[in-house]
Every structure is written in structure tokens, then in C-alpha cells.
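These notes concern the structure reproduced below.
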Amino acid sequence: MKRLFSGVQPSGNLTIGNYLGAIKQFVDLQHEAEAFYCVVDLHAITVPQDPAELRKRSREIAQLYLACGVDPSKATIFIQSHVKEHAELGWLLQCASYMGELGRMTQFKDKSEGKAAVNVGLYTYPVLMAADILLYDTTQVPVGDDQKQHIELTRDIAERFNKRYGDTFVIPDPQIQEFGARIMALDEPTKKMSKSAENEGSRIAILEDPAIFKKKIMRAVTDTENEIRFDEENKPGVSNLLTIYSMFAGESVESLVNRYQGKGYGDLKKDLVEVMTDKLGTIQKRFEELNDVTELDNILRAGSEKARATAEKTVNRVKEAMGLVLL
Ligand code: ATP
Ligand code: LTN
């Protein structure tokens, strides 16, 4: 049976990159398999967070899952720290992971670069992510392209564990879209759009006001030609806008390129703003309607209970395999 697990960190305002690369897949795939969608707050604290902000954001991510179309009667939505087995399996797996393999993770290298003091959590972050995934006998992990290396590490850890202690874990596969797995920054289209990048103009938040994202799209870096063509290497800015347009409108890039032949970048941008205003408007309206904290907390409580039932069994299996005493 197919089983999905994925997580998003409550470490900033979610961008259209998070939506198109990950959450849109959560929605599309929830009908095909049993799905667990987590708000990974324990991962977010690997970098400094304001406690009040973090608390608010963690609920907000869950609310956004719902607003984007994740259905709590189909998928299990919960907060990572509510299921203590994540931290527990994280430790058990740290004892089966190597410093060398963690030091090679590009996300760690990027986030620790130039810092005088780097906390241990940032370094062991991928082992906690492996625990998240392996706890649920996950077969598929829907993520954006940047997480591929972490999932490969998860597979390595699981395979090594199985070899050493006997068959314990299901080996998961990354589920990365062929198209839209890497939405690029608007100001620098050779870099990934990131919710924590310094320049606000580089990204668009899912909950952003149309008047603000209109300005960002109109200012988005393109090139000095005036030809609308999909060519990620030579025209990364235009190709990124075409990708975003295509995914929001549900129209192929080929069809867009044909439709915009002879037109300018300004036309493409203006129409993109309209499509986005429509799609994001629907999500934003639903987000407002879901503003009842009690109801949201009930969904999260039910989600963590359901998740814990599976997680507990896995941890016991792992402890048994490793030789820890179970009473
Ligand atoms: P940060 O940039 O602050 O590290 P992030 O924006 O990458 O964070 P995460 O919480 O780490 O956000 O990612 C949540 C999900 O969104 C992951 O599956 C990730 O691969 C995906 N994702 C993030 N940015 C993009 C992007 N620009 N394009 C496609 N998918 C993305
Ligand atoms: N590392 C991921 C977030 C994350 C995750 C997971 C994704 C934590 N645990 C488990 C998929 C499965 C990120 O930075 N986007």
C-alpha cells in the first residue's frame, strides 16, 4: 500500500514555491494513498525563532494546508512535537548515522556557512527528517527538488539499519514533480525561491495582498530579449514565470508560448498577476473562513492521536531490533 509523509517548517511565511513544489502535490495525492502531513516545528527550532511567532506560525501552516485543499477526513494533519516518537526515533537513528554523511548535506552547508557558532540541531536535522519519514512506513515523500539529498540520506540510513538489525524500515522514494519542483527567486532566477531569503521582492507569500505581489511580478527579473520562450538555461527569468503561470492556470507551457507569440514580457506578467489573483484569492478566502482556533486544534489533536498510533509501533519495533528492553 502507498503511504505518503511530508512536512513543512513553520519558519516563515509560506511562498508560492512551497505551494507549487509541495503543498499542491499534498492535495493532489491525498486521494491516492494514506497521507500524513506534518508541521515540522522541531526542525524550525534548528535556527533561532521568536517563541510567540513560532506558535502562531505552526497553527498557520496547518490552516494553510486546509485552505489549499488538504482534507482532514482523508489526510492526517498534525504538529511534529505533538508526537514524541519523532524525537525518540531521531535519537535512535543518530546512533546509526555518520558525521561524514551529515557534513555533506548542502542545506547544512548553506545554513551554517559563515556562522561563528552552529548548533548541533542544525547538523543532525536530516536524521530527524529521516525519523519523520521512517516512523510511518512511508513509501513516497512529496517534496520540492531541494529535499532530494535528504531523502537519499534517509534511504541510506534505513538500508544500513535493515542490514545491521534485520528488516525494520520501509525504504521510501522521493516524489518530486518533473515540472515545478524548483520555483526560482523573482529577483535572481538562478536561485531557489525561499521563504527566509533576505529580499522580500524575491518571493511571493501564499497569503500576500494582490497589490503587493503585482509589484513583485512586474519587477521580476527577465532578460534583454523580448521573446517569450521556455529555456531555463538562457532565459531563467522568463522560464520561471512561464512555469508559475502554467501551474496556476493548468495550461501547458507549450500552449502559453504559442499564445504569447509576438507579445511582450509586460503582457505575460499582467496576465500572470490576474491568474494568481484568482487562484491565491480562493486560498486566501478559505484561509479566513478557517479562522476558528478551537476547530483547528481539534483537527490537530485528532491528527496527532492517529499519527501516534503508527509511530509508537515503529519505535517499539526499532527498540526491539536494537536490543532495548521493552516491558
Ligand atoms: P527555507 O528557504 O527557509 O529553508 P523553504 O522555503 O525551503 O525554507 P521548507 O519548509 O524547507 O521551505 O519547504 C517546504 C517544502 O516546500 C519542501 O518540500 C520544499 O522542497 C518545498 N519548496 C521550498 N521552496 C521551494 C521552491 N522554491 N520550489 C519548489 N518547492 C519548494
Ligand atoms: N527538511 C524539509 C522539511 C521536512 C520534511 C520532513 C519534508 C522535515 N521533515 C519529512 C519531508 C518529509 C524542508 O526543509 N523542506
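Not measured: the values here are computed from a predicted model. Whatever order the structure lists ligands and atoms in, that order sets their numbers, starting from 1.
- Under a 4.0 Å heavy-atom criterion, Gln80 is not in contact with ligand 2.
- Taking CD1 from Ile204 and CG from Leu14, the interatomic distance works out to 14.0 Å, rounded to the nearest 0.5 Å.
- Listed by number with element, the atoms of ligand 1 under 4.0 Å from a non-hydrogen atom of Gly21 are 29 (C), 30 (N).
- Here is the list of ligand 2 atoms found below 4.0 Å of a heavy atom in Gly7: 3 (C), 4 (C), 5 (C), 7 (C), 11 (C), 12 (C).
- Distance CG/Leu4 to CZ/Phe36: 10.0 Å, rounded to 0.5 Å.
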Inset, instruction - Walk me through it: do Leu186 and Met193 pass the test side chain to side chain contact (heavy atoms under 4.5 Å, CB included)? - result: CA-CA 7 Å; Leu186 299 177; Met193 182 182 287; 4.0 Å; yes
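- Taking the centre and axis of the six-membered ring of Phe213, the NZ or CZ atom of Lys216 falls outside the cone set by 45° and 6.0 Å.
- Inspection of the Asp132 and Gln80 side chains reveals an N or O donor paired with an N or O acceptor under 3.5 Å.
- Between the side chain of His86 and the backbone N or O of Ala131, no donor-acceptor pair lies under 3.5 Å.
- Of all the atoms in ligand 2, the ones that sit under 4.0 Å from a non-hydrogen atom of Val141 are 11 (C), 12 (C).
- Here the side chain of Thr168 pairs a donor or acceptor atom with the backbone of Gly166 at under 3.5 angstrom.
- Heavy-atom proximity to Ser6, at under 4.0 Å, picks out these atoms of ligand 2: 11 (C), 12 (C).
- Scanning all protein heavy atoms for the shortest distance to atom 31 (C) of ligand 1 gives Gly17 O, 3.4 Å.
- Taking a 4.0 Å cut-off on heavy atoms, Asn18 registers as neighbouring ligand 1.
- Nearest non-hydrogen protein atom to atom 1 (N) of ligand 2 is Tyr125 OH, 2.6 Å.
- The contact set between ligand 1 and Gln147, taken as ligand atoms under 4.0 Å from a residue heavy atom, comprises 20 (O).
- Cluster partners of Leu327 are Val325, counting Ile, Leu, Val, Met, Phe, Trp and Tyr whose side-chain heavy atoms approach within less than 4.5 Å, directly or via other members.
- Ranking protein heavy atoms by distance to atom 9 (N) of ligand 2, first place goes to Asp132 OD2, 2.7 Å.
- Of all protein heavy atoms, the one lying nearest to atom 2 (O) of ligand 1 is Ser194 OG, 2.5 Å.
- Under 4.0 angstrom from ligand 1, the non-hydrogen atoms of Lys195 come from both its backbone and its side chain.
- From the protein, the heavy atom lying nearest to atom 28 (N) of ligand 1 is Ile183 N, 2.8 Å.
- Residues satisfying the side-chain hydrogen bond (donor to acceptor under 3.5 Å, both in side chains) test with His150, not counting sequence neighbours, are Gln147.
- In this structure, the ring of Phe26 has its center less than 6.0 angstrom from the ring center of Tyr65.
- At least one N/O-N/O distance between Met193 and ligand 1 falls below 3.5 Å.
- Here the SG atom belonging to Cys68 is positioned 11.0 Å from the CD atom belonging to Gln63, to the nearest 0.5 angstrom.
- Note that the CZ atom of Phe179 and the CG atom of Leu242 stand 8.0 Å from one another [nearest 0.5 Å].
- For atom 18 (O) of ligand 1, the closest non-hydrogen atom of the protein is Gly144 N, 3.2 Å.
- Regarding atom 1 (P) of ligand 1, its nearest protein heavy-atom neighbour is Ser196 OG, 3.5 Å.
- The part of Val143 lying near ligand 2 is the side chain, judged by heavy-atom distances below 4.0 Å.
- With hydrogens left out, the protein atom closest to atom 15 (C) of ligand 1 is Ala22 CB, 3.7 Å, a heavy atom.
- Which of His43, Gln147, Gln107 comes nearest to atom 2 (C) of ligand 2 through a heavy atom is settled by distance: it is Gln147.
- Here the heavy atom of the protein found nearest to atom 7 (O) of ligand 1 is Lys192 NZ, 2.4 Å.
- Each of the following atoms of ligand 1 lies closer than 4.0 Å to a heavy atom of Val143: 18 (O).
- Nearest protein neighbour of atom 20 (O) of ligand 1, counting heavy atoms only, is Asp146 OD1, 2.5 Å.
- Residue nearest to atom 4 (O) of ligand 1, selected from Lys111, Gln25, Gln175, Gln9: Lys111 (by heavy-atom distance).
- Near Phe5, meaning under 4.0 Å from one of its heavy atoms, ligand 2 places the atoms 10 (C), 12 (C).
- Contacts between Ile133 and ligand 2 below 4.0 angstrom, taking non-hydrogen atoms only, involve the side chain exclusively.
- Between Thr139 and Lys2, the side chains place no donor N or O within less than 3.5 Å of an acceptor N or O (distance only, hydrogens not considered).
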Legend entry - Chi angles and distances behind the ring pair (Phe, Tyr, Trp, His ring centres under 6.0 Å) call for Phe161, Phe169: CA-CA 8 Å; Phe161 192 101; Phe169 292 123; 5.0 Å; yes
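- Counting heavy atoms from C-beta outward, Gln149 and Thr106 have side chains that approach closer than 4.5 Å.
- The ligand atoms of ligand 2 that sit less than 4.0 angstrom from a heavy atom of Gln9 are 13 (C), 14 (O).
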Inset, instruction - Give the intermediate values and the outcome of side chain to side chain contact (heavy atoms under 4.5 Å, CB included) for residues Val275 and Tyr245. - result: CA-CA 7 Å; Val275 170; Tyr245 196 149; 3.7 Å; yes
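- Within the 4.0 Å heavy-atom cutoff, Ala181 counts among the residues contacting ligand 1.
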